[in-house]
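Below you'll find the structure, written out as structure tokens, and then a few comments.
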Amino acid sequence: MRCPSCSSTAARRCEVLYAQGTSMSYGHDSSAFNISGMASRVSPPSPPTAPSYFRRRLLLLGVPGLLLCLLGVFFFLMLLANKGLSAAPGGLIPGLLGGYLVWQAWPPAGALSDANYRALAAQYVEDLRLYSTLWACTDCGHVFRPAAQAT
């Protein structure tokens, strides 16, 4: 295959370049996924995140976050009543931490919708189909679809 940008014959399918540029290394206590620069440029599309992930995240981060917020309000009011305004900010720390956890746990709009997930999954399948037709030049880095495959 010839690159349309630089006319080099060093063009390869993106799937092949990605597979050749990635590796997994295992250590005594850990493992690592290694990826080359070219492989990161031609990586396949990422699958959509399932609604169950967001539900689990909301449960594991959101509920403790709400409890910390309530605990912070309780401490704030107790410290305010017993020691005055100078000690009250100590109760704000759990409340702010809880608020941060709730903020981190909150899913993006539509993330919990099964219909939205089905639409994203259909788009992902189409993106994978398109990805399987892409080529990349190892000399200039140009990513292209051969003219015969362009639709």
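Hydrogens, waters and symmetry mates play no part in the numbers below; they use all other heavy atoms, side chains included.
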Which atom names give the shortest non-hydrogen contact between [X] and [Y], and what distance separates them?
{"X": "Cys6", "Y": "Cys3", "value": "N-SG, 3.5 Å"}
{"X": "Ala10", "Y": "Ser8", "value": "N-OG, 3.0 Å"}
{"X": "Pro51", "Y": "Ser113", "value": "CG-O, 4.0 Å"}
{"X": "Gly37", "Y": "Ser40", "value": "O-OG, 2.7 Å"}
{"X": "Thr138", "Y": "Met38", "value": "CA-CE, 4.0 Å"}

Rounded to the nearest 0.5 Å, what separation is found between the [atom1] atom of [X] and the [atom2] atom of [Y]?
{"X": "Tyr18", "Y": "Leu134", "atom1": "OH", "atom2": "CG", "answer": "14.5 Å"}
{"X": "Arg2", "Y": "Phe144", "atom1": "CZ", "atom2": "CZ", "answer": "10.5 Å"}
{"X": "Leu68", "Y": "Leu61", "atom1": "CG", "atom2": "CG", "answer": "11.0 Å"}
{"X": "Leu120", "Y": "Ser46", "atom1": "CG", "atom2": "OG", "answer": "12.0 Å"}
{"X": "Gln123", "Y": "Leu128", "atom1": "CD", "atom2": "CG", "answer": "10.5 Å"}
{"X": "Arg41", "Y": "Leu17", "atom1": "CZ", "atom2": "CG", "answer": "10.5 Å"}

Spell out, yes or no, whether [X] and [Y] are grouped together once hydrophobic residues are joined by side-chain heavy atoms under 4.5 Å, including indirect joins.
{"X": "Val102", "Y": "Phe76", "result": "no"}
{"X": "Tyr117", "Y": "Phe54", "result": "no"}
{"X": "Leu66", "Y": "Leu71", "result": "no"}

Find out whether Leu58 and Trp106 are in side-chain contact, i.e. whether some heavy atom of one side chain is under 4.5 Å from a heavy atom of the other.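 Result yes, sub-4.5 Å side-chain heavy-atom pair found.
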
Side-chain touch Glu15/Ser132, heavy atoms, less than 4.5 angstrom: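 When only atoms from C-beta onward are counted, Ser132 and Glu15 do touch, with a gap below 4.5 Å.
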
Cluster companions of Val63 among Ile, Leu, Val, Met, Phe, Trp, Tyr (side-chain spacing under 4.5 Å):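 Val63 clusters with Leu59, Leu67.
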
Donor-acceptor contact below 3.5 Å, side chain [X] vs main chain [Y]:
{"X": "Arg57", "Y": "Gln104", "value": "yes"}
{"X": "Thr133", "Y": "Arg145", "value": "no"}
{"X": "Tyr100", "Y": "Gly65", "value": "no"}

